[in-house]
Each structure stands twice: as C-alpha cells, then as structure tokens.
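A quick write-up on the structure given underneath.
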Amino acid sequence: MRRRATAHAPGRINLIGEHTDYNDGLVMPIALRLGVTVEASARDDAIAHLVTDASVSPPEASYEIGSETRDRTWVDRAKGVTAILARQGSRVGGFDAAITADLPIGAGLGSSAAFAIALLRALSELFDLALDDAGIVRIAHAAENDFAGARAGLLDQLASVYGRRDEALLIDMRDHAMRSIPLPRTAELAVIDSGTRHEHAGGEYNRRREGCEAACRHLGIASLRDLDERPLDTVLERLPSPLDRRVRHVATENERVRQAIVALEADDDARLGDLLSASHRSLRDDYEVSTPELDRLVELAMAAGALGARLVGGGFGGSIIALGQRGRAKDLADRVLQRYRGGHLVAVVP
Ligand code: GLA
C-alpha cells in the first residue's frame, strides 16, 4: 500500500452541444489546463479528513468511511466516492486529502467532476484499487447523481478523463463513440467567468431533465435522440408548453453540433461563431437556463467583436465562451470585463 499519492483532473469547456448529454445527444468538450489536484496520504484509522484552498464552504471536513451521510456541501462528492467504492468491494482506509483548485468552482467548468476524478485517481493509487478510466468515469458520475443529488449527464466526467486541450472531443452519448475534431487554426476562445454561481443539486437542472423525460413519455420514444429521424415541427405541435421549447432546444442543438463539425472542417470561423450564438439564444429562450449576467456577457462579447459567444455548461450562472480571432481573445475579454463587474478571464483556449 502506498502512503502518499497525488492526482490531477482537468475542468472542461464544451464548444457546443449543451444539455444534450442526458438526452443521448452530441457534445464537443475541450479539456482545460486548469483543474483540481488531490494530494492524499493514508491514515491508520477510518477517517477521511479533507482540506481545501478552494473558495468553498467548509474549507475543512472529516467523516468516517463506511458512515457517509449527506450534508449538501461539496464534501458529498467525496462521501459519494468512498461510499460507492465500498459498495463495489474496493477496500479504502482512512486518508488525509489536501485539495487545491486553480479552476473556479461552480463556474460551469466541470469542477465537481474534476474533484471526484482527481480523488478517485489518488485513492486508486493509495489503496491499490487498480481503477481504470471507465470505472473512474462511472464512479465519479454515480457520486454526483446518487450522492450529491444532481442528475447530471456524463459530459463532465468523460471530458475530464478523455478530453484534450488542443482538440475538441466529439462524443455521441448514444454509444459513447468519440472522435477528435481539430480546433480552428485562425480562432480561439476566451473563457469568461461571470462571477455568479449555479446550484445544480435539486434545482432547475433536474427540472429540465425531468421535462425531457416527460416529453419522451408524451411522444412514446426512449430518448430525444430518436427525433433525429422525424420532422421537428409535427413533433413540437404535439407537446404542451414549455416541453415544446425544451425539445426544440435539444433537437436543434444536436443539429448545431453537426453543423459545427462541418464549419470546423471547412475552417469557417464565422459560421462556427454564428452557431455558438444560435446555441446561446436557444439556451436562453427555449431551454431557459441563462441569466441576465450571462446574457450581458454574451452581448458585450459580440459588441467587442466576437465571432460568436454563448453560456457554457449547465447555466444558471457560471461562464461564457467567446470565439475571437487567434491572438485576440485576451484583448476581447479585457474589453468585455471593462464593462462588466465581478467577472474574470479564466483561460484562452487552446
Ligand atoms: C452540467 C452537467 C452536464 C451537462 C451540462 C449541460 O455541466 O454536469 O452533464 O448536462 O451541464 O450541457
């Protein structure tokens, strides 16, 4: 048994394909350089003791492995991880974990998944669990869903484990088939945190997901991906409001992902930008997951010359991505942030 182990997992942006993952749809994440690091060391008792420098509350917590109970804080993700490991027969002893994050937390950039994955990697090494990537994705996702209570899809976990910094990863959530798509050579993305935070667990996120499930029952289909083969207008006519708008977002977003692939392959940055902006409008008007702050950031980015911009991640706060010409994204973000208080530039991608 190792006495010490350190592991890192990255956050992500998603170029396009938002709120499609739990609908068997298409997503296109890119891993960030920023992420979460866990330094763990084994203890002789059964206590998990966690400390973090991230701006989360509480900064320090302890619990007994085998007696995990939810407290509705970030610690639930660690409790979920150790409880699920125990349930599957992996032997985990007590440990101290120091968690550092250079990724903003709760900013729609996959920080929860990055934390669970970094912790799983550190524990796998510390206790010789030999977890493979697929197992890490599965357990991190279950910790979020079964323990933390956010019925999130698999986007963040797959992006953190398989994503690359210099390519977009097209994932078909129907069968998890993955394909690398080169990023534009003449454009880059500014990732701007609005400074406002989302709360996924038990909130609007889960309600959107329930809406999609209700629409499927209404239409007699297994998932909204089954709409690929049907004329959208006739489908939407059969749905009550707001389910019609929710479904329109998901179906048109999948189509925008397909068109984004074409735009990327044709080096058509202007077209890609238009698709990002169309995605934002759809998330704002049809899926209703934007906020005044995110809309304002998108508007400011367009006024500053962005080719396109949209909220990224689940919404209800968090961050936007803005597409600008190569070498110009930082300048673009600076101009946006001169007119918006409380935000900051998180990264320029790639
Ligand atoms: C959050 C969830 C993901 C995905 C996005 C929206 O990040 O964790 O599973 O649903 O929102 O695309």
Side-chain angles (χ1 to χ4, degrees), residues 12 14-29 108 110 112-113 137-138 140-159 170-177 198-260 275-276 278-291 294 310-318:
R12 57 108 192 90
N14 186 20
L15 184 58
I16 194 158
E18 219 68 86
H19 286 279
T20 49
D21 64 341
Y22 51 85
N23 289 304
D24 281 354
L26 303 169
V27 295
M28 235 200 244
S112 296
V137 165
R138 183 177 47 76
H141 184 244
E144 189 71 33
N145 276 255
D146 305 351
F147 221 84
R151 295 189 57 220
L154 269 168
L155 166 66
D156 303 350
Q157 292 79 12
L158 290 174
L170 171 67
I171 311 173
D172 187 333
M173 288 289 172
R174 204 158 41 178
D175 53 9
H176 297 178
H198 62 166
E199 191 40 77
H200 277 174
E204 289 292 319
Y205 182 94
N206 289 357
R207 254 197 290 288
R208 292 300 178 282
R209 186 163 182 164
E210 284 154 20
C212 293
E213 289 162 356
C216 286
R217 284 195 297 277
H218 221 91
L219 297 167
I221 54 178
S223 93
L224 294 183
R225 187 66 182 280
D226 295 346
L227 297 179
D228 277 4
E229 295 87 38
R230 304 205 191 173
L232 192 56
D233 287 346
T234 38
V235 168
L236 297 181
E237 274 167 18
R238 291 172 52 197
L239 290 169
S241 176
L243 297 188
D244 52 351
R245 284 180 287 127
R246 306 292 188 253
V247 169
R248 184 165 58 197
H249 166 72
V250 175
T252 58
E253 184 78 351
N254 281 326
E255 185 50 31
R256 280 186 289 274
V257 175
R258 292 190 191 92
Q259 292 178 21
L275 290 164
L276 298 191
S279 170
H280 184 77
R281 287 192 295 274
S282 181
L283 288 160
R284 181 191 66 195
D285 302 337
D286 278 351
Y287 220 62
E288 295 181 280
V289 294
S290 191
T291 60
L294 295 170
R310 66 177 201 82
L311 73 85
V312 66
F316 308 110

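Treat the numbers as computed from the prediction; the structure is a model and nothing was measured.
Looking only at side-chain heavy atoms (C-beta outward), Pro29 and Leu158 stay at 4.5 Å or farther from each other. A 4.5 Å side-chain heavy-atom check between Arg310 and Asn14 finds at least one atom pair inside the cut-off. Side-chain contact check for Leu294 versus Arg284: every heavy-atom pair is 4.5 Å or farther apart. For the pair Arg230/Ile221, a side-chain contact is recorded, criterion being any heavy-atom separation below 4.5 Å from C-beta on. At least one side-chain heavy atom of Leu219 sits under 4.5 Å from a side-chain heavy atom of Leu227. No side-chain heavy atom of Glu288 sits less than 4.5 Å from a side-chain heavy atom of Glu204.
Here the rule is side-chain hydrogen bond (donor to acceptor under 3.5 Å, both in side chains) with Glu213, and of His218, Arg151, Arg208 only Arg151 fits it. Applying the side-chain hydrogen bond (donor to acceptor under 3.5 Å, both in side chains) test between Ser279 and each of Glu253, Glu18, His19 identifies Glu253 as the sole match.
Salt-bridge check for Arg207 with Glu210: failed, with every basic side-chain N at 4.0 Å or more from each acidic carboxylate O.
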inquiry  = Could you go through Arg225 and Leu26, starting from their C-alpha distance and side-chain angles, then the distance that decides it, and tell me whether this counts as side-chain contact (heavy atoms from CB on, under 4.5 Å)?
reply    = CA-CA 9 Å; Arg225 187 66 182 280; Leu26 303 169; 3.9 Å; yes
inquiry  = Could you go through Tyr205 and Val289, starting from their C-alpha distance and side-chain angles, then the distance that decides it, and tell me whether this counts as side-chain contact (heavy atoms from CB on, under 4.5 Å)?
reply    = CA-CA 8 Å; Tyr205 182 94; Val289 294; over 6 Å; no
message = Go through it in stages, so that I can follow the logic: the residues are His249 and Asp285, the test is side-chain contact (heavy atoms from CB on, under 4.5 Å), and I'd like the CA-CA distance, side-chain angles, deciding distance and then a yes or no.
response = CA-CA 9 Å; His249 166 72; Asp285 302 337; over 6 Å; no
query = Hey, mind stepping through Thr20 and Val257 against side-chain contact (heavy atoms from CB on, under 4.5 Å) and telling me if it holds?
reply = CA-CA 10 Å; Thr20 49; Val257 175; 5.7 Å; no
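For the atom pair CD (Glu237) and CG (Asp244), the distance works out to 10.5 Å, reported to the nearest 0.5 Å. Note: Glu255 CD to Leu232 CG = 10.0 Å, rounded to the nearest 0.5 Å. Atoms CZ and CG, from Arg248 and Asp233 in turn, are 9.0 Å apart once rounded to the nearest 0.5 Å. Distance CZ/Arg281 to CG/Leu276: 10.5 Å, rounded to 0.5 Å. With rounding to the nearest 0.5 angstrom, the CG atom of Asp21 is 12.0 Å from the CG atom of Asp172.
When every heavy atom of Asn23 is checked against every heavy atom of Cys212, the shortest pair comes out as OD1-CB, 3.3 Å. Heavy-atom minimum distance, Ala260 versus Met28: CB-CE, 4.3 Å. Of all non-hydrogen atoms in Asp24 and Ser223, the two that sit nearest each other are OD2-OG, 3.3 Å. Taking each heavy atom of Val27 and Gly17 in turn, the nearest pair found is CG1-O, 3.3 Å. Of all non-hydrogen atoms in Ala152 and Arg209, the two that sit nearest each other are O-NH1, 3.3 Å. The two residues Leu224 and Ala215 have their closest heavy-atom pair at CD2-CB, 4.4 Å.
Donor-acceptor pairing under 3.5 Å is recorded for the side chains of Thr252 and Arg256. Between the side chains of Asn145 and His141, at least one donor N or O lies within less than 3.5 Å of an accepting N or O.
Looking at Asp286, its side chain never comes within 3.5 Å of a backbone N or O of Arg246 through a donor-acceptor pair.
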